[in-house]
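Residue numbers count from 1 along this sequence. Computed from a predicted model, the values in this text were never measured in an experiment.
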Amino acid sequence: MTLVSGLAVAALTAAAGPAAADDAAGRAQGGATATIGGLKTYGDAVVHTDTGDLELSAGLFEMSVDGGGTLQTYCVDIHNPTQRDAKYRETPWSGTSLGANKDAGRIRWILQNSYPQVNDLAALARQAGVRGGLTEQDAAAGTQVAIWRYSDGVDVEAVDPQAEKLADYLEDSARPTAEPKASLTLDPPALSGHPGDKLGPVTVRTNADSVTVTPPAAAATSGVRVVGEDGKEVTTARNGSRLFLDVPADAADGSTELTVQASTTVPVGRAFASDSRSQTQILAGSSESTVSATASATWAETGAIPALSAAENCAAGGVDITAVNAGDAPFTFELMGARHTVAAGETRTVTVPLQEDQAYDFTITGPGGREQRFTGVLDCRTQAAESDAAGTSVQSAGEPSPVTVPAPAEDVNLAATGSSDATPVIGGAAIGLVLIGGAALVLVRKKKTQD
């Protein structure tokens with residue numbers, strides 16, 4: 001059985017095929033998905049560059065969770081604009097710029113020890129040595145400024161003296177903290193096997209008290225059931241539960257998905273990434289929210305039986321494609337001009353190398369013509385990090401040349417760019433950002449080195 005993959009630098013229209021399944025790499029890891037609204041609580045900040053100063057807004061964003069719930073987030077990519085109504089998904093740090101940031105844990109400490117997690121502003125002011133107290137706007141601005149110093153390495157300060165005092169306190173006090181676990185995942189994200197077997201186990205990982213198990217779509221026609229280790233059908237599970245798909249011995253070759261859903265608060269410090277290249281966010285607060293996770297499953301009587309999954313790997317600079325072959329024949333596929341073979345009973349991970357900001361779109365065809373499509377954008381570095389790597393001004397791949405323009409009459413909120421109807425234009429500091437034909441053009445000068 002041969003698997004063929006097509007890779008695109010820009011978005012392509014993939015060939016449609018039978019039983020096609022679309023997925024963004026990393027989405028199978030589960031959690032919350034949400035739509036960004038805009039800045040809700042914020043103050044003013046100033047970024048100092050080699051060419052001048054740039055004023056911008058700094059504070060808390062709000063997101064609406066699919067299925068119900070609200071998230072509060074801060075930005076961890078200061079020079080990258082937000083896109084209006086962009087869709088975000090809960091993402092491991094390894095799939096964002098935080099994965100390669102040695103100070104990511106300090107950012108989480110700031111989130112845990114500042115607004116809105118600490119909503120007693122009088123106590124927060126005393127802790128930070130802020131005389132005169134803090135408003136919500138001061139607290140949000142000071143927290144965002146402290147985060148930017150670690151996430152982007154920029155020379156930035158809050159305009160309000162109280163907010164700046166808080167930012168200095170948070171920056172100086174921050175300590176390394178471990179990455180929080182996902183709100184809900186299924187491990188592994190893909191299963192394969194033979195009819196008559198129990199496919200699995202797949203382990204539920206969650207901070208929710210319980211999760212609801214959705215019967216597989218194939219249950220009505222094929223008799224496939226979700227069962228526990230005792231073989232009894234299950235409709236609910238909890239953290240650590242081991243689930244199996246019980247496939248009848250007479251079931252025809254096929255595939256389905258196992259989906260679980262829960263209502264819980266998403267852990268502070270979880271990253272949220274967008275496939276539309278909207279700036280990466282990090283969670284500061286969560287209401288009770290809907291979270292879900294899905295694992296795919298494939299079965300066949302004979303031949304290669306691949307279980308396929310993908311995850312963005314920022315450390316390796318690409319997307320990891322993992323193939324688990326539970327069949328009795330080898331599974332051969334081609335990626336980037338190289339052929340790879342997974343022997344019967346073996347597992348193999350192949351990393352597809354990509355450039356920063358490169359959109360990818362490839363389809364994998366397995367036995368029986370079933371296609372699985374993986375799409376997304378590799379977004380592993382902040383714009384400031386890209387500028388340092390190049391030693392000069394940078395821009396996103398595929399965009400026209402940036403334009404430097406005169407200073408606008410009033411300050412522009414770079415962190416919220418794209419969230420208003422006005423076309424944003426930023427100048428004055430020789431930093432140009434123009435929206436032309438829906439494309440955001442970003443010119444970022446080499447940042448001031450942080451100690």
Side-chain angles (χ1 to χ4, degrees), residues 26-42 58-77 82 85-96 98 104-121 124 136-137 139-144 146-147 151 170 174 177-186 204-212 238-239 259-274 278-294 415-416 419:
R27 185 174 299 154
Q29 289 151 341
T33 57
T35 301
I36 197 163
L39 279 172
K40 295 300 181 182
T41 307
Y42 58 92
L60 274 173
F61 287 85
E62 187 172 286
M63 292 189 187
S64 299
V65 179
D66 297 349
T70 302
L71 306 177
Q72 293 174 299
T73 61
Y74 287 107
C75 158
V76 287
D77 192 355
T82 55
D85 297 328
K87 286 285 188 180
Y88 280 79
R89 52 188 164 85
E90 188 178 337
T91 304
W93 287 0
S94 60
T96 72
L98 296 170
R106 297 181 189 273
I107 295 173
R108 190 189 180 201
W109 186 96
I110 291 172
L111 294 166
Q112 292 174 317
N113 291 274
S114 191
Y115 182 77
Q117 287 300 303
V118 178
N119 56 19
D120 184 341
L121 297 183
L124 182 60
E136 290 183 342
Q137 291 75 20
T143 304
Q144 177 65 91
I147 289 172
S151 66
L170 294 171
T177 309
E179 177 181 2
K181 295 180 180 179
S183 59
L184 177 60
T185 60
L186 290 175
V204 177
R205 307 290 186 194
T206 184
N207 65 344
D209 293 334
S210 65
V211 302
T212 300
R238 61 183 61 205
N239 183 50
T259 300
V260 296
Q261 189 176 83
S263 181
T264 187
T265 56
V266 182
V268 170
R270 289 296 290 172
F272 279 79
S274 170
S278 190
Q279 63 183 198
T280 304
Q281 304 281 311
I282 191 165
L283 188 75
S286 168
S287 70
E288 192 79 4
S289 299
T290 299
V291 296
S292 63
T294 298
S419 63

Taken in chain and number order and not counting sequence neighbours, the residues that satisfy side-chain hydrogen bond (donor to acceptor under 3.5 Å, both in side chains) with S114 are T143
Note: V204 and V211 closest approach over all heavy atoms is CG1-CG2, 4.2 Å
Within the distance-only criterion (no hydrogens, no angle test), does the side chain of E90 pair as donor or acceptor with the backbone N or O of A32 below 3.5 angstrom?
yes
Correct closest heavy-atom pair for F272 and L71 would be CZ-CD1, 3.5 Å
Between A104 and L98 the two heavy atoms that sit nearest each other are CB-O, 3.5 Å
Taken to the nearest 0.5 Å, the spacing of D209 CG from R238 CZ works out to 8.0 Å
CG of L60 to CD of Q281, rounded to nearest 0.5 Å, is 10.0 Å
Heavy-atom nearest pair, Y74 first then P116, reads OH-CD, 4.2 Å
Original post:
Okay, side chain of E179, backbone of W93: is any donor-acceptor separation there less than 3.5 Å?
Top reply: yes
Residues W109, L170; criterion side chain to side chain contact (heavy atoms under 4.5 Å, CB included); working and verdict: CA-CA 9 Å; W109 186 96; L170 294 171; 4.2 Å; yes
- Item | Within-4.5 Å side-chain heavy-atom neighbours: P267 and K181 | no
Sub-3.5 Å donor-acceptor pair from the side chain of R108 to the main-chain atoms of V268, do we have one? yes
Those residues at least two apart in sequence (or on a different chain) that pass side chain to side chain contact (heavy atoms under 4.5 Å, CB included) with T35 are D66, D85, K87
Value for CD (Q144) from OH (Y115), rounded to nearest 0.5 Å, stands at 13.5 Å
In this structure, CD of Q261 is separated from OG1 of T294 (nearest 0.5 Å) by 9.5 Å
Heavy-atom closest pair (L186 atom, A293 atom, distance to 0.1 Å) is CD1-O, 3.7 Å
> For atom CG of D120, is the number of surrounding heavy atoms from other residues, nucleotides or ligands below 6.0 Å larger than 12?
Replying inline: yes
d(F61 CZ, I36 CD1) to nearest 0.5 Å is 5.0 Å
Do L111 and Q117 have side chains that get closer than 4.5 Å, going by heavy atoms? no
Taking N207's backbone N and O only, do any of them form a donor-acceptor pair with N239's side chain (distance below 3.5 Å, no angle check)? no
So CD of Q112 and OG1 of T177: to nearest 0.5 Å the spacing works out to 5.5 Å
Of all heavy-atom pairs linking G31 and S183, the shortest is CA-OG, 3.4 Å
>> Would the distance check show the side chain of R270 and the main-chain N or O of P180 forming a donor-acceptor pair, the cut-off being under 3.5 Å?
In response: yes
4.5 Å side-chain heavy-atom contact, I107 and I282 = yes
Atom pairs and distances, side-chain donor-acceptor, residues 283-290, under 3.5 Å, sequence neighbours left out:
residue : atom : partner : partner atom : Å
S286    : OG   : V266    : N            : 3.1
S287    : OG   : T70     : N            : 2.8
S287    : OG   : T70     : O            : 3.3
E288    : OE2  : S263    : OG           : 3.4
S289    : OG   : S287    : O            : 3.0
T290    : OG1  : G67     : O            : 2.9

